[in-house]
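Note that the numbering runs from 1 along the sequence shown for the chain. Owing to the predicted nature of the structure, the values given are computational and were not obtained by experimental measurement. Below, each value reflects all heavy atoms present in this structure, side chains not excepted, and no hydrogens, waters or symmetry copies.
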Amino acid sequence: MNSILSITALPAVWTGGSVNEICTALLDGLRTILDVDFLVLKVGRHEEQDAVLMQRPDRGSVGEAFSDLLRTLGTSVADWPREAEVERDGSTSRVLIEKIGMNGRAGVLVAGSTAASFPTEEDRIVLHVAASQATVAIAEALRFRDDTRALAARELSKVVDAIPVMAWSTLPDGEADFFNEHFLTYLGITSEQAAGWGWTASLHPDDSGALQTVWMQLLASGAPGETEARLRRWDGQYRWFLFRANPVYGDDGSVVRWYGTNTDIDDRRRVEEELRRSAALMTQAQRLTVTGSVWWRPATEEIYWSDEAYRVAGQVSGILPNMEMMFDRCHPEDFPIVRESISNAISRGENVDIEHRLVMPDGAAKYVHVVLQNIGADPADPEFIGAVADITDRKIAEENLRRSDVLLSEGQRISRTGTFSWKVDTDEITFSDELNRIFGFETGRVIDFEGMRVYEEDLPLLATKMADVRQGGDNPDYEIRLFVDGEVKHVRVVGRIVRHLDGTMECIGAVQDVSAQRIAEMARDKLRTELAQLARVTRPMRSISLCRASS
C-alpha cells in the first residue's frame, strides 16, 4: 500500500511540468519501488519529432530496450499483451506492459526482469496505477502545451476527447463550460445538462459538501489541487474518482481558465481498503496468537519486525531491529543452537525452524518458536520471511501434562487401576498402560473384544453390559473375571457414557484389579465356615462335660 501511495503522490510533483519532466520523475519513482532490470517509457508516436523515449537504468542507446520489444512483440503497441517474455542480452526477461492512453495511443510503460518471481500482484497494481496517473499527467502536459501555443478550442476538444479520462474546463469563477465525451458518456447526460454546476447532481450526497468546499478554496487561492469523491455512473452505480484541477494564468498572473480531470480510482480504493482490512486482521490475528512477522535480508542486514514481534522479543517497538537484539535475549543454554542455525541461514540460505528460550528483563524465561523461510531467488543472497511465536504457555501446559501423565501413571500402577475409552459407534478401544498390564497385553496392541481374555462363565454378563451401553444405558458398574497366564483375576469395571456433539457415543471408564481383595474375602469366608463347623462339633462335647460335672 505504501508503494501505491508513493505513486499516487507523484502528480503533485508533476504539476506544471513538461512531458520530459513527468517521464523522468515517473521512471525515477518506479525505479525505487520496483525491483526490476529495466524500465522503458515511450510517449507519443514513434514518427513524431518530439516523441519522448526514456529507459532506466540508462545503459546503452536510449532506444535499445524499446527496439528489443518492437522486434519481439511487433510494431503495433495496441496489439501488445499485458505480459510477455523478451530476449535481451542473451537472457529471457519477463515484461509487464501498461499502455498509456486508449490502446497505447499516448505511449507505453514497460517493466522487465529476469527474476522468476516477477511480476508479483503488487508489481501489477503499482505499474497499472503509475500508467493511469501518467496517462492523466501526460495528457494534461500535452494539452496545456498546446493551449499556451494557440488556445485552439476545437483542437483542444479533440485531444481531450481522445484520452481515456474524464476531462473538463471551467471559467475563472468555477462554472464549467466544457466536458469531454468520456465525462458525458460516463454520467449519461448532455453537455447542456452538465454545464455550469449541473454536473454536481451526479455527486454522491455524502461527498458533495466536502468537494465543493475544496473547489471553493482552490478558486480563492488560484493554486492547483485535488480531492476525491464519488460520481454516479449512467446506470446508477457510484465509483470513486480523483478530481484534479490546474489553473492557467494570464499575463497579469490572474487565472484565466481551469482545466481538470477525473480519474477512476475505485479499484485502487478497494485495494487500499482490502489492504487496510488485511493489515488489521493480521494485526489482530498476531495479537491473539502471540505471533509476530519477521523479514530478514542478511546481505544488507535489513530486518523488519511487526509490532507483535517486538512484544514477543520483549523489545521497545520502533527501535531498528538487529540480530544482536535477539542474541542478547537468548538463554545461555540455548545460544549455541541458535547461533548455529542463524549461521547456516546466512552462509547456506538454510531455512530456520527452532524453539528456544529468551530471558526477559525481569529474569523470566520465555519460550519462542522461530520459523524463517528463504524466498530469495539468488542462492548467494538469501531473503527470509517468517514468524516468531510465544509458546511459553504451550511449553508450560506440556510440562504440566507430562507431570499429570506421570502422576496418573503412578497412581494407576499403585492402585492397580487402568483406564479405557470405547467409541461405541466404531468399537475402537484404547487401553492405558496399566490396563494393558492387568489384561496381560503388550503396550501398543490393537484391542478388540474377541481377545479380551474374559473368563468363560462371565462372558454372558459382559455381553449383557455391552448391549446395555449400545442401547444408551449409562453408568455400567460390574465385576467379571479374567484368565491371564493361567491365573484368574477379579476385576471391577465402572464407566460413564459421553454423548458428543456429532451424535457419536463414547464409554470412558476404569478397570481395577480386585483379585487380592476377593481372595482375602474368600479366605475370610472359608475361615468363618470352618469356625462355624468347629463350633457345631464342640457344642455337644461341652454339654456332656457339664452333665458329668453336675453328677
Nearest heavy-atom neighbours spanning Ala229 and Leu203: CB-CD2, 4.2 Å
Within-4.5 Å side-chain heavy-atom neighbours: Val312 and Trp305: no
Glu442 CD: over 12 foreign heavy atoms closer than 6.0 Å: no
Under 3.5 Å donor-acceptor, Lys423 side chain and Thr504 backbone: no
Arg453 side, atom CZ; Leu482 side, atom CG - distance, nearest 0.5 Å: 9.5 Å
Shortest non-hydrogen contact between Phe384 and Pro298, atoms and distance: CE1-CG, 3.9 Å
Steps toward side chain to side chain contact (heavy atoms under 4.5 Å, CB included) verdict (Glu434, Thr417): CA-CA 7 Å; Glu434 183 61 28; Thr417 301; 5.9 Å; no
Pairwise side-chain contact, Tyr310 with Pro321, heavy-atom cut-off 4.5 Å (strictly under): yes
Contact summary for Leu30 and Ala130, nearest pair of heavy atoms: CD2-CB, 3.9 Å
Option passing side-chain contact (heavy atoms from CB on, under 4.5 Å) with Trp296 (candidates Asn322, Ile385, Asn374, Ile303): Ile303
Asp485 side-chain N/O to Glu487 backbone N/O, donor-acceptor pair under 3.5 Å: no
Close side-chain approach of Val36 and Arg31, heavy atoms under 4.5 Å: yes
Any side-chain donor near an acceptor of the partner, His490 and Glu479, under 3.5 Å: no
Output field: ring centroids Phe420/Phe439 closer than 6.0 Å: no
Pair Arg437 + Asp433: basic N to acidic O under 4.0 Å: no
Side-chain (Arg329) to main-chain (Ala313) donor-acceptor, under 3.5 angstrom: yes
Plane angle bin for Phe431 and Phe441 - parallel if under 30°, tilted between 30 and 60°, otherwise perpendicular: parallel
Closest approach of Ala309 to Ser293 (non-hydrogen atoms, all atoms of both residues): CB-O, 3.7 Å
Enumerate, atom names and distances included, each donor-acceptor pair closer than 3.5 Å involving a side-chain atom of residues 336-343, sequence neighbours excluded.
none

Arg124 vs Glu83 side-chain heavy atoms within contact, under 4.5 Å: yes
4.5 Å side-chain heavy-atom contact, Tyr367 and Asp390: no
Thr114 and Asp37: side chain donor to acceptor below 3.5 Å: yes
SB check Glu98 Arg82 (cutoff 4.0 Å): yes
Step-by-step side chain to side chain contact (heavy atoms under 4.5 Å, CB included) determination, Asp35 to Phe118: CA-CA 9 Å; Asp35 186 13; Phe118 179 82; over 6 Å; no
Which atom pairs, donor and acceptor, lie under 3.5 Å between side-chain atoms of residues 353-362 and protein residues at least two apart or in another chain?
unit_1, atom_1, unit_2, atom_2, d
Asp353, OD1, His369, NE2, 2.6
Glu355, OE1, Arg394, NH2, 3.3
Glu355, OE1, Lys395, NZ, 2.9
Glu355, OE2, Arg394, NH2, 2.8
Arg357, NE, Asp334, OD2, 2.9
Arg357, NH2, Glu333, OE1, 3.0
Arg357, NH2, Asp334, OD1, 3.1
Asp362, OD1, Ala364, N, 3.0

Qualifying residues under salt bridge (Lys or Arg N to Asp or Glu O under 4.0 Å), relative to Asp28, sequence neighbours excluded: Arg56
Where Pro81 and Leu73 come nearest, the two heavy atoms and their spacing: CD-CD2, 4.4 Å
Side chain to side chain contact (heavy atoms under 4.5 Å, CB included) between Asp123 and Val126, intermediate numbers included: CA-CA 5 Å; Asp123 294 334; Val126 168; 5.9 Å; no
Side-chain touch Met505/Asp425, heavy atoms, less than 4.5 angstrom: yes
Verdict with reasoning, Asp307 to Arg311, per salt bridge (Lys or Arg N to Asp or Glu O under 4.0 Å): CA-CA 7 Å; Asp307 290 342; Arg311 282 190 283 270; 5.5 Å; no
side-chain contact (heavy atoms from CB on, under 4.5 Å), paired with Arg269, selected from Arg230, Glu228, Arg239: Glu228
Atom pair CD (Gln133) and CD1 (Ile265), whose distance is rounded to the nearest 0.5 Å: 8.5 Å
Reported CD-to-CG distance for the pair Gln373 and Asn351, which is rounded to 0.5 angstrom: 5.5 Å
Between CG on residue Leu320 and CD on residue Gln315, distance to nearest 0.5 Å: 12.0 Å
Any side-chain donor near an acceptor of the partner, Trp295 and Glu302, under 3.5 Å: no
Side chain to side chain contact (heavy atoms under 4.5 Å, CB included) evaluation trace for Met466 with Val424: CA-CA 9 Å; Met466 290 176 59; Val424 181; over 6 Å; no
Heavy-atom pair of closest approach, residues Val511 and Ile438: O-CD1, 3.8 Å
Min side-chain heavy-atom separation Trp422-Val469 under 4.5 Å: yes
Greater than 12 external heavy atoms within 6.0 Å of Arg481's CZ: yes
Flag side-chain contact, heavy atom, 4.5 Å: Leu109 against Leu27: yes
Between CG on residue Asp207 and CH2 on residue Trp240, distance to nearest 0.5 Å: 4.5 Å
Atom pair CG/CG of Leu127 and Leu96 - distance to nearest 0.5 Å: 5.0 Å
